[in-house]
2 protein chains.
Amino acid sequence: MSLASERVKPGASGKPTLYKRIRLDIETRILTGEWPPGHRIPFEHQLMARYRCSRMTVNKALSELAQADLIERRRRAGSFVRRPQHLSAVLKIADMRAEITALGRSYGYQLIDCRRRTATAADRARLGVSTAGKVIAIACRHSADNVPFAVEDRLIDLSTVPEAATADFAREPPGSWLLHHVPWTEAEHTISAVVADDRTAKALGIAVGAPCLVIDRYTWRSARTVTAVRLHYPGETHRLVARFKGG
Amino acid sequence: MSLASERVKPGASGKPTLYKRIRLDIETRILTGEWPPGHRIPFEHQLMARYRCSRMTVNKALSELAQADLIERRRRAGSFVRRPQHLSAVLKIADMRAEITALGRSYGYQLIDCRRRTATAADRARLGVSTAGKVIAIACRHSADNVPFAVEDRLIDLSTVPEAATADFAREPPGSWLLHHVPWTEAEHTISAVVADDRTAKALGIAVGAPCLVIDRYTWRSARTVTAVRLHYPGETHRLVARFKGG
DNA sequence: TTGACTTATATGTCTAGACATATAATCGTG
DNA sequence: CACGATTATATGTCTAGACATATAAGTCAA
């Protein structure tokens with residue numbers, strides 16, 4: 001048996017691949033606190049020696065850890081364990097139709113109100129713009145198996161998305177239309193809880209005072225506001241669920 | 001000028017690097033709908049030809065897109081645009097103390113109740129285990145600047161984390177202790193909205209019937225349940241915010 | 001037609017180099 | 001001592017190969 005055979009070979013003995021093992025090793029040390037925030041991770045060339053592999057392999061492991069925000073990489077200085085992030089939510093932008101049909105339920109859509117107007121002061125504040133261009137204000141409802149699923153209250157900035165003026169939002173939900181016509185570069189989500197007011201309760205078919213989950217989403221395309229949307233979900237029945245892996 | 005100079009060089013003209021450009025190109029086509037869900041992305045060797053680069057470069061771009069769940073890669077078959085994910089939330093596991101101090105507020109912690117017992121049927125159901133081992137049940141409160149921030153109701157499976165029996169949860173919040181002593185491999189979050197019941201209202205110092213944001217978190221370590229925790233936040237004042245980039 | 005075997009192929013991982021680039025550390029100078 | 005120039009170094013990206021592996025597709029026999 002040659003000396004080289006001591007090296008961990010890919011796929012050897014059913015184990016995960018080498019770069020995954022390196023990643024998991026480091027991740028474990030971080031999550032157990034053995035390497036606390038601020039700790040400098042061994043340099044790539046040190047990890048090369050420790051795992052007897054090439055730099056690209058340790059680089060792949062470290063890059064993925066950096067992508068996951070577990071470590072921070074600084075040229076010339078090295079890689080450092082980051083402070084744990086705040087409790088933060090990341091909600092993927094998705095189409096309500098896709099969301100509902102993926103649950104195996106039939107999708108329904110009703111346009112409640114759609115009007116085009118010059119942005120009011122309130123509109124400008126909500127969109128975070130200072131100039132008074134045209135906007136479209138939309139109120140609509142999404143339902144699953146003919147039961148109200150969410151009500152949507154949306155503002156679209158026509159100066160960013162002029163094509164939206166020609167879209168038929170009676171036929172197509174604005175979320176779907178935007179997702180298919182406007183690439184977004186940045187988004188912000190805020191999740192909160194409220195109790196249903198009269199109008200929301202009526203639209204969702206729930207009691208006034210019942211809990212609602214509220215999601216506010218702002219979307220930008222290269223520093224220009226695209227749209228601001230507020231979604232009300234009935235809190236008793238709707239849940240946001242996410243499962244994810246740490247390895 | 002040589003033929004090779006036609007190739008996009010790293011750092012040329014202040015542009016992003018090549019693999020990032022490839023990633024952005026593909027991402028844009030997906031997000032605009034030009035490549036709909038199910039569409040097969042050009043094979044790596046085709047992208048090599050199109051961008052005149054090595055396979056490792058396109059592989060890095062595609063790997064990152066796969067990590068972001070935008071595409072799915074299947075051996076021998078190719079890479080495919082994934083259906084948009086459901087509206088799903090990813091909440092990073094973080095320490096409540098870190099979360100509050102990061103907001104520039106002082107952290108406070110009060111243990112309300114802590115008892116060790118053999119798992120009841122309800123405990124087993126909540127933890128998703130079938131055997132009746134020992135558990136620790138904890139109720140506590142986190143506050144920011146002496147104002148209640150969240151109440152926590154937690155169950156720890158002692159058969160997975162026997163060391164927890166010796167921890168002093170009157171001194172250290174169980175979330176912090178676990179984060180520093182137990183590496184997790186998987187987690188699941190559920191966000192919902194409820195109205196405060198009597199006990200919750202009293203602990204949070206809000207009115208009965210006021211909206212609350214509820215986060216349920218389950219944590220596993222390699223197929224064994226570690227802990228189940230339910231957090232109640234006052235919905236009027238607390239918000240989960242996340243900002244993220246699409247490029 | 002169906003099931004078992006074979007083959008072709010796209011992705012998954014890895015190597016041993018290379019040059020680019022940001023920046024911490026050092027050195028010199030006013 | 002303060003500040004600007006230089007240097008060393010760790011990361012960032014890339015190449016042109018290699019072999020491993022899962023699997024779609026084709027082949028052949030029962």
Side-chain angles (χ1 to χ4, degrees), chain A residues 2-26 38-67 69-82 247, chain B residues 2-26 38-82:
Chain A
S2 73
L3 275 172
S5 73
E6 282 179 23
R7 154 189 310 184
V8 177
K9 295 232 182 66
S13 68
K15 278 190 178 175
T17 54
L18 181 52
Y19 93 85
K20 279 183 182 157
R21 198 160 75 78
I22 299 173
R23 174 158 61 78
L24 186 62
D25 277 5
I26 296 171
H39 178 90
R40 199 185 63 217
I41 282 162
F43 296 131
E44 292 189 350
H45 68 88
Q46 294 176 308
L47 292 171
M48 284 171 66
R50 161 148 15 170
Y51 291 97
R52 296 164 156 283
C53 64
S54 79
R55 207 184 127 221
M56 279 301 285
T57 301
V58 304
N59 184 281
K60 179 156 185 167
L62 292 174
S63 296
E64 289 193 5
L65 289 169
Q67 256 195 293
D69 274 335
L70 266 169
I71 67 171
E72 188 190 343
R73 314 199 71 199
R74 292 208 302 273
R75 275 185 163 142
R76 162 77 208 236
S79 302
F80 301 84
V81 177
R82 288 191 53 150
Chain B
S2 73
L3 273 173
S5 75
E6 282 178 23
R7 154 190 310 183
V8 176
K9 295 233 181 69
S13 67
K15 277 189 179 176
T17 54
L18 181 51
Y19 94 86
K20 279 183 183 158
R21 198 161 73 80
I22 299 173
R23 174 159 61 78
L24 186 61
D25 277 5
I26 295 171
H39 176 92
R40 199 185 63 218
I41 283 163
F43 296 129
E44 293 189 349
H45 69 87
Q46 294 176 307
L47 291 171
M48 285 170 68
R50 160 149 14 171
Y51 291 98
R52 296 166 157 281
C53 64
S54 79
R55 206 184 127 221
M56 279 301 285
T57 302
V58 305
N59 183 281
K60 178 155 186 168
L62 292 175
S63 295
E64 289 194 3
L65 289 169
Q67 255 195 294
D69 273 336
L70 266 170
I71 67 172
E72 188 190 342
R73 313 200 72 198
R74 292 208 301 273
R75 276 187 163 145
R76 161 77 207 235
S79 302
F80 301 84
V81 178
R82 288 192 55 149

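Just so we're on the same page: letters track the sequence lines, and every chain starts at 1.
Summarising the geometry of B:P42 relative to B:R50, their closest heavy-atom pair is CG-NH2, 3.7 Å, with the distance given to 0.1 Å. When all heavy atoms of A:I71 and A:S79 are compared, the pair lying nearest together is CD1-CB, 4.2 Å. Scanning all heavy atoms of the two residues, the minimum distance from A:V58 to A:C53 falls at CG1-SG, 3.6 Å.
Between the OH atom of B:Y19 and the C1' atom of D:dT11 there is a distance of 12 Å, rounded to whole Å. B:Y51 has its OH atom 16 Å from the C1' atom of D:dC14, to the nearest Å. In this structure, A:I71 places its CD1 atom 13 Å from C1' of D:dA10, rounding to the nearest Å. Rounded to whole Å, atom C1' of C:dT13 lies 9 Å from atom CG of A:L18. If you take CE of A:M56 and P of D:dG12, they are 12 Å apart, rounded to a whole angstrom. Rounded to an integer number of Å, the gap from A:R21 CZ to C:dC14 P is 10 Å. Atom P of nucleotide D:dA20 and atom CZ of B:R75 are separated by 12 Å, given to the nearest angstrom. A:R74 places its CZ atom 14 Å from the C1' atom of C:dA25, with the value rounded to the nearest Å.
For D:dG17, the OP1/OP2 oxygens have no side-chain nitrogen or oxygen of B:R55 closer than 4.0 Å. When the side-chain nitrogen and oxygen atoms of B:K20 are compared with OP1 and OP2 of D:dG12, none of them lie within a distance under 4.0 Å. For B:S54, no side-chain nitrogen or oxygen approaches OP1 or OP2 of D:dG17 to under 4.0 Å.
Residues satisfying the side chain to side chain contact (heavy atoms under 4.5 Å, CB included) criterion with A:E64, sequence neighbours excluded, are A:Y19, A:R23, A:K60, B:Q67. For the salt bridge (Lys or Arg N to Asp or Glu O under 4.0 Å) test, residues two or more places apart in sequence or in another chain that qualify with B:R74 are B:E72. Qualifying side-chain hydrogen bond (donor to acceptor under 3.5 Å, both in side chains) partners for B:E44, counting only residues two or more places apart in sequence or in other chains: B:R55, B:N59, B:R73.
Contact check for B:I26 versus B:L70: no side-chain heavy atoms found under the 4.5 Å cut-off. Counting only heavy atoms from C-beta outward, the side chains of A:D25 and A:R21 approach each other to under 4.5 Å.
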Please enumerate all protein N or O atoms sitting under 3.5 Å from an N or O of nucleotides 4-7 of chain D, with distances to 0.1 Å.
none

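Contacts between residues 57-66 of chain B and DNA chain D, defined by a heavy-atom separation under 4.0 Å, are made by B:T57, B:K60. Near DNA chain D, defined here as any heavy-atom distance below 4.0 Å, there are no residues from residues 42-49 of chain B.
Under the side-chain contact (heavy atoms from CB on, under 4.5 Å) rule, A:I22 has a single partner from A:L62, A:T57, A:T17, which is A:T57.
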